Amino acid sequence: MADDLDDVTDDETAESSGAQIAVHWREEETYPPPASFTAQANASDPAIREQFTEDKFPDSFTAYADLLTWFKRWDTVLDTANAPFWKWFVGGELNASYNCVDRHLATHPNKAALIWVPEPEGEAHQAITYRELYVRVNEFAAVLKDLGLKAGDRITFHMPMVPELPVAMLAAARLGIIHSQVFAGFSGTAAGHRIADSGSTVLVTMDSYYRSGDLLDHKVKADEAVEAAAKEGQQVDKVLVFRRYPGKYSAATPMVEGRDVFVDDLLAAHKGEIVEPVALQATDPLFLMYTSGTTGRPKGCQHSIGGYLSYVAGTSKYYQDIHPDDTYWCMADIGWITGHSYIVYGPLALGTTSVLYEGTPNYPDAARPWRIATRLGVNIFHTSPTAIRMLRKVGPDEPAKYPIHFKHMTTVGEPIEPEVWRWYYNSIGKREAAIVDTWWQTETGGFLGSTLPGIDAMKPGSCGPAALGILPTILDEDGNEVPAGSGKAGNIVIRNPWPGVFQTIWGQPERFVSTYYAKYNKDPKSTDWHDWPYFAGDGAVQAADGYFRILGRVDDVINVAGHRLGTKELESAALTVNEVAEAAAVPVIDDIRGRVVEMYIALKPGYEATPEVENKVKTAIETDIGKIARPKNIWIVPDMPKTRSGKIMRRVIAATSNFTDTGDITTLANPEVVDKIRHQVQSAKVAKGEVPRELSETELHEIEHFGSE
Ligand code: WTA
């Protein structure tokens with residue numbers, strides 16, 4: 001089968017053979033990197049790969065650590081004694097805030113570190129030089145210190161996209177306080193759960209921010225967060241409230257006496273104060289980033305200072321191709337891992353200029369990003385397939401009207417359809433830019449799969465080969481290797497540790513081992529890293545040329561607009577509604593957001609399916625998680641398709657919602673319900689004009705495997 005991969009055509013179809021799926025994946029044509037890009041690239045010689053081969057591991061990664069300034073050099077590169085809790089650069093001491101701020105003062109104090117673009121177009125940009133960033137970080141660190149916070153304490157931020165957020169992160173990092181930034185679009189309750197899980201006593205928020213033209217009251221979420229945390233036994237002593245317009249409170253929600261304080265007032269008392277960066281262990285935690293998994297409890301992914309910072313600096317250099325004089329714009333939100341690694345820590349460690357935008361990309365119109373890029377002279381642009389799909393839909397001809405010239409562009413977070421990739425390449429990149437499709441995860445700290453932009457050919461829809469020093473392979477359910485070019489899909493694993501890998505799940509070390517390492521480990525006592533492949537939870541296929549195509553999650557996680565939502569979280573929110581007996585969330589293919597959620601509900605006996613119940617479910621999800629999780633449709637059905645052991649068969653309802661074949665239903669206890677549900681749901685969808693287009697083989701694979709029953 002390896003041989004026919006190169007000449008397969010459009011009309012190839014997927015065929016199912018038992019548990020293993022063999023697919024003739026349609027191969028895309030490749031695009032060489034532009035010569036002008038290669039000529040200036042940080043990695044332009046293919047020999048760089050030889051420095052990162054398996055025989056040179058783990059010492060190869062000292063090249064990344066050497067990009068940083070260490071107060072004390074490490075003694076051991078990789079300590080595996082407590083496998084799989086890997087320890088990188090043991091004995092080394094450093095400070096992330098020092099590396100991202102102080103050390104640049106000697107070379108370019110007055111260069112812009114951050115350029116903040118407020119959403120209202122009439123509002124002035126804020127260019128914050130490295131010197132100014134240094135002053136602000138120190139002053140906020142003084143505020144935190146004054147509150148009694150110290151290394152190892154946790155602090156939660158629930159901040160929008162404003163420069164106060166990186167300032168707060170770097171201030172915490174200066175003191176070794178472990179920060180946990182919760183995406184501003186999450187509800188107050190969701191922030192509260194994360195506060196409780198991390199044991200934070202201080203919450204930092206902002207009164208308001210702009211989103212699609214509205215100045216939102218964000219402070220109200222702080223009150224909800226504190227209340228939700230208290231219910232879980234975690235008391236928040238202080239809520240620090242930045243003001244969107246310093247000196248002027250812009251939220252309707254009142255401040256709580258004794259608990260809530262305006263940060264601008266506190267800062268006034270610490271003007272010009274300097275707080276020395278603390279020399280911290282490389283293995284100390286830098287931050288927690290919560291993500292969703294298969295249970296309702298979110299996972300606080302704990303990232304280290306030394307390993308993480310080395311890895312994001314190294315990958316920013318070679319994969320983002322950041323040079324100090326670039327103007328780099330990543331349109332992601334700092335509330336996600338992409339923003340941590342590739343807006344704040346990576347770019348600032350390299351001393352470049354990183355652009356921050358407050359609002360939505362298509363506000364007030366689809367040309368906003370191109371006006372920003374033109375005005376600021378952005379030459380590296382980084383965004384998600386969802387944003388690309390949206391900008392393409394609302395303004396396909398807009399990029400041509402602006403003199404934008406990107407040397408490099410990134411796509412991240414979800415699979416990108418080849419057709420969308422080509423629009424990104426032709427219309428936004430104007431065929432001049434190298435594109436990297438970067439595959440990675442909250443847990444992995446930085447890129448795992450990507451082309452080297454100055455060296456490797458680009459292939460639409462594939463992330464490319466493994467990143468430098470990363471050793472991925474594809475395994476079947478029994479742990480056998482699925483060879484490249486076999487046309488077979490399997491689970492992608494990383495055979496070796498790397499510096500950016502998370503250290504543990506905060507407070508849940510057993511879950512860390514069982515979720516990510518137990519599946520393919522044969523000897524739980526082994527301290528040899530070869531025995532601990534990292535299970536990423538993604539399906540993938542590897543072409544004969546070694547390029548990986550990521551097929552999506554193999555667990556119960558739905559990737560909506562590049563954001564991971566756990567079906568259990570969605571379902572538990574729905575189950576808080578009194579009338580609801582059972583709930584199941586499934587993904588539906590969406591032309592803009594990649595996937596959206598549809599929720600199936602079965603009611604307790606005696607209750608009627610009414611629009612009120614539907615609304616209650618919607619509200620419960622928005623309150624518990626946030627508007628990003630709002631389901632597209634809620635279907636109240638007579639019964640759920642279940643296995644004999646009573647487990648809801650999610651792939652059957654996923655197929656119903658996506659108009660695909662329901663597959664084998666002989667193991668169902670109640671097969672008769674399948675037709676009933678299909679009739680109900682699909683006729684309603686047809687009436688609403690919601691019939692999806694024909695799915696690609698990647699999409700079909702995901703729907704057929706959803707919930708993997
Ligand atoms: C998916 C985002 C295809 C994947 C950095 C992964 C991708 C999950 C890609 C992690 C890509 C990420 N192509 N799929 N280039 N990048 N994914 O934790 O399923 O928010 O497991 O990290 O997004 O999402 P997370």
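We count ligands from 1, going down the list as the structure has it; atoms in each ligand are counted the same way. Computed from a prediction, not measured in an experiment: that's the story for all the values here.
- A donor-acceptor pair is defined here as one N or O able to donate and one able to accept, closer than 3.5 Å; such a pair exists between the side chain of His340 and the backbone of Ile334.
- With contacts defined as side-chain heavy-atom distances shorter than 4.5 Å, the pair Val597/Leu565 qualifies.
- When ring centroids are compared, Trp329 and His382 stay outside the 6.0 Å threshold.
- Between the side chain of Glu414 and the backbone N or O of Asn559 there is no donor-acceptor pair closer than 3.5 Å.
- Aromatic pair Tyr290/Phe186: ring centres not closer than 6.0 Å.
- You'll find the side chain of Val312 reaches within 4.5 Å of the side chain of Leu309, heavy atoms only.
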Distance dump, ligand 1 polar atoms to protein, N/O, under 3.5 Å:
unit_1   : atom_1 : unit_2 : atom_2 : d
ligand 1 : 13 (N) : Glu414 : O      : 3.4
ligand 1 : 15 (N) : Asp437 : OD1    : 2.7
ligand 1 : 15 (N) : Thr438 : O      : 2.8
ligand 1 : 16 (N) : Gly413 : N      : 3.2
ligand 1 : 16 (N) : Thr438 : O      : 3.4
ligand 1 : 17 (N) : Gly413 : O      : 3.2
ligand 1 : 18 (O) : Thr442 : N      : 2.8
ligand 1 : 18 (O) : Thr442 : OG1    : 2.5
ligand 1 : 18 (O) : Arg564 : NH1    : 2.6
ligand 1 : 19 (O) : Asp538 : OD1    : 2.7
ligand 1 : 19 (O) : Asp538 : OD2    : 3.3
ligand 1 : 21 (O) : Gln441 : NE2    : 2.9
ligand 1 : 21 (O) : Asp538 : OD1    : 3.1
ligand 1 : 21 (O) : Asp538 : OD2    : 2.6
ligand 1 : 21 (O) : Arg553 : NH1    : 2.7
ligand 1 : 22 (O) : Thr442 : N      : 3.4
ligand 1 : 23 (O) : Gly413 : O      : 3.1
ligand 1 : 23 (O) : Asn559 : ND2    : 3.3

